[in-house]
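Computed from a prediction, not measured in an experiment: that's the story for all the values here. Just so you know, ligand 1 is whichever comes first in the structure, and atom 1 is the first atom listed for that ligand. What you see below is based on every heavy atom in this structure, not just the backbone, and it leaves out hydrogens, waters and symmetry mates. Here, residue 1 is the first one in the sequence, and each next residue gets the next number.
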Amino acid sequence: MSKKLVIQVKRCFKEQFKTNPLVVFSPGRINLIGEHTDYNDGFAFPAAINKGIVLAISKSDSKESYVFAFNKNEIHKFETKHIKPLKNGGWRNYMLGVVAELRVLGKEVESFNAVFGGNIPQGAGMSSSAALENSFVFGINELFNLGLTKHEMILVSQKAEHNFAGVKCGIMDQYASMFGLKKSALLLDCRTIESQTYKIDFKDYKWMLINTNVKHDLSESEYNDRREVCERVSGLLHLNALRDASKEDIDRIKSNISDEDYQKALFVINENQRVIQFSEAIKNGDTKALGNLLCQSHEGLSTKYKVSCKELDFLVDRAKENPNVLGSRMMGGGFGGCTINLVKKDAFKTFKKEVSKNFKAAFEYDCDVYSVKLSRGTQIIKK
Ligand code: GLA
C-alpha cells in the first residue's frame, strides 16, 4: 500500500473535518485464472494487491454525511436515511449502495464524514469498485460497531454493486479484496465462498499487468448479458449453476440453444476445469502448464465467451510470440482493461519496452505496464 496516499488522505480529512479519523485500506485484486466463473458458482484464483483505496472516516453529529473523493476533488452530501441510486453517480453509487444495503440488513448507520483516495487504475479490471465498497463497509462496520463478519460484509458490497451500480457481479472481487493474504493467491470456491491459500512464488517468473487503457461503453450490459446466458443454460439443464454442468450435459441440449450460447456455456465449463488444473500445476511446480492454461483461458474468453477486444488480443499475441513469457490472458470482466502475463524476471524490462513500443505503433497511444505485489486484504491502518 502507498504510505504517501495514506498521509495525503489523512491530511485532507483533518483539514476538512478537524478530527482524527479511523483509516482503512482496501486493496484491488488480480485474478490468476478463472474468469466469469464466479457467478456460475465455480472456481476462481484471485489475489489482493498492494494498490487500493485508503478511506478516512469518522462519526458526525450533523444530520448530513459528507464524503470527499480525493482524486476527483468531488464531494457528496447526503442523509444516510434517504438514499437512492444516482443516475451517472459514478463513485457515489458504490458508497451509497453500501450504506443502503446495510440498512436493508436492519443496521442503523448514523451520519459520518469521510475522505477516500486510491491508486488502482480505473477500468483496468483490477476491481477499484470492490475496493471502494469494501473500504466503506469495513469502515462503517467498525465505526458503528455493527458486528458484521467479513463474509457478511462482502455480501453487502456485492449487493451494492448489483443494486446501485447495476452490475450483477459475482463474489470474486469483494472476496479477494477482503480476504487477501501476503504473497498468496486464493483458490476460491464461489459456491461455498471459502478459499484455500496458495503461496505464490514462481522463482524465475513474475506477473506483469499490461493495461490497454480501453474501457468499452457497453461492458456493464455485456457483462449482465453473459450472466443471463449462463443462467438460462443451467436453467434448461435443471441445474443450480453451470458449475454442475459437464460438456455432455450441454451437448444434450445443443439443438435447443443457439451456437453462441453453447460456446459460452462450454467456455465456463472449461474455465472451471482450468482453475483446478492450474492449482495442481502450482503444487507440482509445473510452470509450463501454468503458462499453457493462461493462454487457453484467453483463447476461450476471446473466441467463445467473446469478452475480449482487439487491443487485449494484440497484447496476448505479442506475449505468445516471446519465449520469455510463459502465458498471457485478459483479466477481469473484459472489453478492455489489462492482460496478466507470466514473464521471466530477467526479461521483464526488455519485454516491457518491446510490448509498449509495438502497442504504440499499432494503436497510436500508450499502454501501461505494472508489476504488483500480492498483499493482505482490507484492514485498519494503525496510526
Ligand atoms: C468482474 C466481476 C467479477 C467477475 C469478473 C470476471 O470483475 O466483478 O465478479 O465475474 O468480472 O471473472
Discussion item. For the aromatic rings, using the six-membered ring if either is Trp, is the centroid distance between H36 and F267 under 6.0 Å?
Written reply: no
Worksheet, complete the sentence: Hits for salt bridge (charged side-chain N to carboxylate O under 4.0 Å, His left out) against K254, two or more places apart or cross-chain, chain-then-number order -> none
Worksheet item: If you count only heavy atoms, which residues are under 4.0 Å from ligand 1?
Response: R29, E35, H36, D38, Y39, C169, G170, M172, D173, Y223, G332, G333
Worksheet entry | Partner residues of K203 under the salt bridge (charged side-chain N to carboxylate O under 4.0 Å, His left out) criterion, sequence neighbours left out | none
Worksheet item: Do the charged groups of D204 and K344 touch, with an N to O distance under 4.0 Å?
Response: no
Fill in: Derivation and outcome, side chain to side chain contact (heavy atoms under 4.5 Å, CB included), residues K345 and F202
CA-CA 10 Å; K345 279 181 188 160; F202 296 147; over 6 Å; no
Fill in: Residues that E321 engages under salt bridge (charged side-chain N to carboxylate O under 4.0 Å, His left out), provided they are two or more places apart
R318
